[in-house]
Engineer: 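Dropping a structure here in structure tokens format, bear with me for questions.
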Amino acid sequence: MHIESQKVTADKSQQQMFEFLTNAENYEQLMPESKEKFEVRDEKTFVFGLKGMPVIKLQIRETIEPELVVLGSTSDKLDFTLKAHISALNENQSEVQMEFNGEFNAMMAMMVKKPLSKFINTLAENIGKL
């Protein structure tokens, strides 16, 4: 399953946005209002839970400074990546697009596509509000 968020403009340079997204603690600011749990495990790993969804543990797996941050699930049952693509617009603004990629069976894909799309877009919208 592949889902992309809309592109959002943030009032941070590409480098500032990269640094923001490579700090696990900062993801709490991006979570939807339905967040019930958020816990940082270490500098690259955090756990979050949303109403009606299982708790998910994400880890920063890969970075290409200053344009890409790749988060990956640590669960075998929900194997997916969440990429943040960061482009420079000018020295004080950047454009960010979130990209979700996961392997799900057809039944699971039907159940999670809508809430996942909403989640990915909420992350992007919240980046745009920083």
Side-chain angles (χ1 to χ4, degrees):
M1 175 184 300
H2 179 85
I3 302 170
E4 290 182 356
S5 74
Q6 72 272 21
K7 291 180 178 179
V8 295
T9 300
D11 289 328
K12 289 184 184 292
S13 70
Q14 184 182 29
Q15 185 63 39
Q16 288 172 319
M17 184 53 66
F18 176 82
E19 289 169 6
F20 180 88
L21 292 174
T22 52
N23 182 340
E25 290 180 16
N26 290 334
Y27 284 87
E28 186 167 16
Q29 297 174 50
L30 305 178
M31 289 290 138
E33 289 180 17
S34 61
K35 172 192 75 175
E36 291 187 327
K37 176 181 183 151
F38 187 90
E39 187 180 304
V40 175
R41 294 286 168 90
D42 62 44
E43 64 185 30
K44 291 186 177 262
T45 310
F46 62 93
V47 176
F48 72 96
L50 305 176
K51 270 190 187 131
M53 299 273 287
V55 172
I56 296 172
K57 184 176 176 185
L58 286 177
Q59 185 171 52
I60 298 171
R61 285 195 185 160
E62 178 186 349
T63 58
I64 300 173
E65 190 168 350
E67 62 203 46
L68 178 69
V69 178
V70 180
L71 299 168
S73 166
T74 61
S75 167
D76 293 339
K77 293 177 187 166
L78 283 176
D79 186 27
F80 66 88
T81 59
L82 182 60
K83 297 178 182 179
H85 298 275
I86 311 162
S87 306
L89 291 178
N90 58 49
E91 60 184 57
N92 297 317
Q93 287 186 313
S94 56
E95 185 176 73
V96 181
Q97 183 175 34
M98 304 301 286
E99 176 190 357
F100 175 92
N101 286 296
E103 293 293 323
F104 302 113
N105 65 42
M107 182 64 109
M108 177 71 101
M110 274 181 17
M111 289 172 28
V112 300
K113 185 165 184 149
K114 189 173 180 182
L116 270 176
S117 296
K118 186 176 179 188
F119 174 68
I120 302 304
N121 281 311
T122 299
L123 290 180
E125 287 167 16
N126 290 340
I127 286 170
K129 294 175 186 173
L130 291 174

Engineer: Under a 4.0 Å N-O cut-off, is there an ion pair linking Lys35 with Glu28?
Structural biologist: yes

Engineer: Give a yes or no on whether Gln6 atom CD has more than 12 heavy-atom contacts from other residues, nucleotides or ligands under 6.0 Å away.
Structural biologist: yes

Engineer: Taking a hydrophobic cluster as the set of Ile, Leu, Val, Met, Phe, Trp and Tyr residues connected by side-chain heavy atoms closer than 4.5 Å, whether directly or through intermediates, do Val70 and Tyr27 fall within one such cluster?
Structural biologist: no

Engineer: Quick one: are Lys114 and Lys118 in side-chain contact, heavy atoms under 4.5 Å?
Structural biologist: no

Engineer: Counting neighbours of CD on Glu43 that are heavy atoms of other residues, nucleotides or ligands and sit closer than 6.0 Å, is the number greater than 12?
Structural biologist: no

Engineer: Within this structure, what is the CE-CZ distance for the pair Met111 and Phe104, rounded to the nearest 0.5 Å?
Structural biologist: 10.5 Å

Engineer: Can you see which heavy atom on Val8 is nearest to which on Ala124, and at what distance?
Structural biologist: CG2-O, 3.2 Å

Engineer: Which atom pair, heavy atoms only, marks the closest approach of Asn126 to Met31?
Structural biologist: ND2-O, 3.5 Å

Engineer: Does a side chain donor of either Glu95 or Gln14 reach within less than 3.5 Å of an acceptor in the other side chain?
Structural biologist: no

Engineer: Should Phe119 and Ile56 count as side-chain neighbours, where that means a heavy-atom distance under 4.5 Å?
Structural biologist: no

Engineer: Kindly compute the distance separating OG (Ser94) from CD1 (Ile86), expressed to the nearest 0.5 Å.
Structural biologist: 7.0 Å

Engineer: Got a second to check how far Met98's CE is from Ile3's CD1, nearest 0.5 Å?
Structural biologist: 12.0 Å

Engineer: Does some side-chain heavy atom of Ser5 sit less than 4.5 Å from a side-chain heavy atom of Gln97?
Structural biologist: yes

Engineer: To check you understand the geometry: which heavy-atom pair defines the closest contact between Ile127 and Met17, and what is its length?
Structural biologist: CG2-CE, 3.7 Å

Engineer: State the CZ-CG distance between Phe80 and Leu71, to the nearest 0.5 angstrom.
Structural biologist: 8.5 Å

Engineer: Taking a hydrophobic cluster as the set of Ile, Leu, Val, Met, Phe, Trp and Tyr residues connected by side-chain heavy atoms closer than 4.5 Å, whether directly or through intermediates, do Met53 and Val47 fall within one such cluster?
Structural biologist: no

Engineer: Quick one: does Arg61's side chain have a donor or acceptor within less than 3.5 Å of a partner on Ser73's backbone?
Structural biologist: yes

Engineer: Please tell me if the side chains of Met1 and Val112 come closer than 4.5 Å, counting only heavy atoms from C-beta onward.
Structural biologist: yes

Engineer: Supply the atom-to-atom distance Glu25 CD to Phe38 CZ, rounded to the nearest 0.5 angstrom.
Structural biologist: 8.0 Å

Engineer: Tell me, do Thr63 and Leu21 make a side-chain contact under 4.5 Å, heavy atoms counted?
Structural biologist: no

Engineer: Are Ile120 and Met108 linked, directly or through other ILVMFWY residues, by side chains that come within less than 4.5 angstrom of each other?
Structural biologist: yes

Engineer: Give me the atom names and distance for the closest heavy-atom approach of Leu30 to Leu123.
Structural biologist: O-CD2, 3.3 Å

Engineer: In sequence, state the C-alpha distance, the side-chain angles, and the governing distance for Thr74 and Lys57, and then conclude on side-chain contact (heavy atoms from CB on, under 4.5 Å).
Structural biologist: CA-CA 6 Å; Thr74 61; Lys57 184 176 176 185; 3.2 Å; yes

Engineer: With clusters defined by side-chain heavy atoms of hydrophobic residues (ILVMFWY) lying less than 4.5 Å apart, directly or transitively, does Leu50 cluster with Val55?
Structural biologist: no

Engineer: Can you list everything that forms a side-chain contact (heavy atoms from CB on, under 4.5 Å) with Asp11? Sequence neighbours excluded, please.
Structural biologist: Gln93

Engineer: Taking the side chain as every heavy atom from C-beta outward, state whether Leu68 and His85 have any pair of such atoms under 4.5 Å apart.
Structural biologist: yes

Engineer: Return the OG1 to CD1 distance between Thr45 and Ile60, rounded to the nearest 0.5 Å.
Structural biologist: 7.5 Å

Engineer: Measure up the Phe46 and Phe48 rings against each other and bin them: parallel (under 30°), tilted (30 to 60°), perpendicular (over 60°).
Structural biologist: tilted

